[in-house]
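Only one structure is covered here, and it is reproduced in the block below.
Owing to the predicted nature of the structure, the values given are computational and were not obtained by experimental measurement.
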Amino acid sequence: MGKVDEYIKRRRIRLLSRNGETPSFSDRVTAFKARRAARLDVRNKELEMLKNGLTFSKYNGNIAMDEFVEGDHPRDENGQFAKANSSEASSESGAETVKPQPTTPSAKEIRSRLIGQKTQDGQTVKSVSDHAVQRVQERKIGFDTIENLFQSGNVRPGHTPNTICYETDKHRVVFDKNNGKIVTVMHRGNRGGKK
């Protein structure tokens, strides 16, 4: 049976099922065999690529794990892949000039810098949540910004009980006044999105 005949049979089964009719047993068997043959075709293509030294992921334009060399991809102190240095310009003497990359502060640095800070309404920062540390790192909000929020930002009650928000037009710090913990840090207002 040719591929066109298989397609016609599958199509006939779909049309019969839509009309409430039950396809015959032979029609269902033929459709099953056609689906299985299609799956086997895909599997055979993958096997052929492996025989030729190609992997399916490379075929799609990605790097396969067997081609990945750990030494070519350095990691930072947190185990994440380090960013590649885009500036590889060299001076006339042959020495490379490297622009300093802004570093993301570690959790220890963030906590040591923020714990002990006093706010304008007399609160003292006693701890910083893991969530807040992660947000400071992801959103690249500087210590000066957070300190400025505590000293001169607008103070208002938070959305949940026992929280206070210190905010400006651009940033907000949510602070739990019961345990002296910074809950989160965020950007506010339009950050390049739609107006």
Side-chain angles (χ1 to χ4, degrees), residues 55-58 60-195:
T55 59
F56 191 69
S57 59
K58 184 173 181 180
N60 286 335
N62 300 322
I63 296 175
M65 286 309 295
D66 57 348
E67 299 167 357
F68 182 81
V69 178
E70 184 71 35
D72 294 343
H73 307 281
R75 295 177 183 261
D76 62 12
E77 65 274 357
N78 296 326
Q80 302 295 318
F81 288 115
K83 301 245 189 251
N85 190 0
S86 61
S87 64
E88 295 183 358
S90 58
S91 63
E92 294 176 349
S93 64
E96 288 187 10
T97 58
V98 178
K99 290 182 183 176
Q101 296 278 335
T103 58
T104 303
S106 68
K108 187 176 181 179
E109 288 177 294
I110 292 170
R111 286 191 169 98
S112 67
R113 182 86 184 260
L114 295 176
I115 291 176
Q117 288 282 324
K118 298 270 187 200
T119 65
Q120 58 186 312
D121 58 345
Q123 301 286 334
T124 302
V125 177
K126 296 177 185 170
S127 65
V128 181
S129 70
D130 293 337
H131 176 76
V133 168
Q134 182 181 359
R135 294 300 179 247
V136 167
Q137 291 171 333
E138 289 175 353
R139 297 171 178 163
K140 297 181 179 22
I141 298 175
F143 296 120
D144 297 336
T145 302
I146 297 170
E147 291 167 1
N148 183 40
L149 287 166
F150 283 143
Q151 299 307 316
S152 59
N154 298 326
V155 181
R156 66 168 193 80
H159 295 293
T160 57
N162 304 318
T163 59
I164 303 171
C165 292
Y166 300 93
E167 59 187 26
T168 61
D169 291 341
K170 295 184 178 184
H171 300 94
R172 175 185 293 153
V173 173
V174 180
F175 182 80
D176 187 338
K177 61 184 176 182
N178 279 356
N179 57 16
K181 180 186 273 190
I182 296 177
V183 178
T184 191
V185 182
M186 64 188 79
H187 293 286
R188 291 188 68 220
N190 188 355
R191 295 179 307 280
K194 293 180 182 178
K195 290 187 178 183

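Taking OH of Tyr166 as the start and CD1 of Ile182 as the end, the distance is 9.5 Å to the nearest 0.5 Å. For the atom pair CD1 of Ile110 and CD1 of Ile146, the computed distance is 7.5 Å after rounding to the nearest 0.5 Å. Expressed to the nearest 0.5 Å, how far CD1 of Ile164 lies from CG of Asn178 amounts to 9.5 Å. Atom-to-atom distance recorded for Arg172:CZ and Leu149:CG is 10.5 Å, nearest 0.5 angstrom. With rounding to the nearest 0.5 angstrom, the CZ atom of Arg188 is 12.5 Å from the NZ atom of Lys170.
For the residue pair Pro105 and Phe143, the shortest heavy atom distance occurs at CB-CZ, 4.0 Å. Minimum heavy-atom separation, Cys165 to Gly158: SG-CA, 3.8 Å.
Thr163 is linked by a side chain to side chain donor-acceptor pair (under 3.5 Å) to Thr160, counting only residues two or more places apart in sequence or in another chain.
Sorted by first and then second residue, the salt bridge (Lys or Arg N to Asp or Glu O under 4.0 Å) pairs involving residues 110-129 (not counting sequence neighbours) are Arg111-Asp130, Arg113-Asp144, Arg113-Glu147.
Using a distance-only test at 3.5 Å, with no hydrogens or angles considered, a donor-acceptor pair links the side chain of Glu109 to the main chain of Ser106. A donor-acceptor contact shorter than 3.5 Å is absent between the side chain of Arg139 and the backbone of His187. No donor-acceptor pair under 3.5 Å is formed between the side chain of Glu167 and the backbone N or O of Gly153.
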- prompt: Taking it one step at a time, do Val174 and Met186 satisfy side-chain contact (heavy atoms from CB on, under 4.5 Å)?
  reply: CA-CA 9 Å; Val174 180; Met186 64 188 79; 4.0 Å; yes
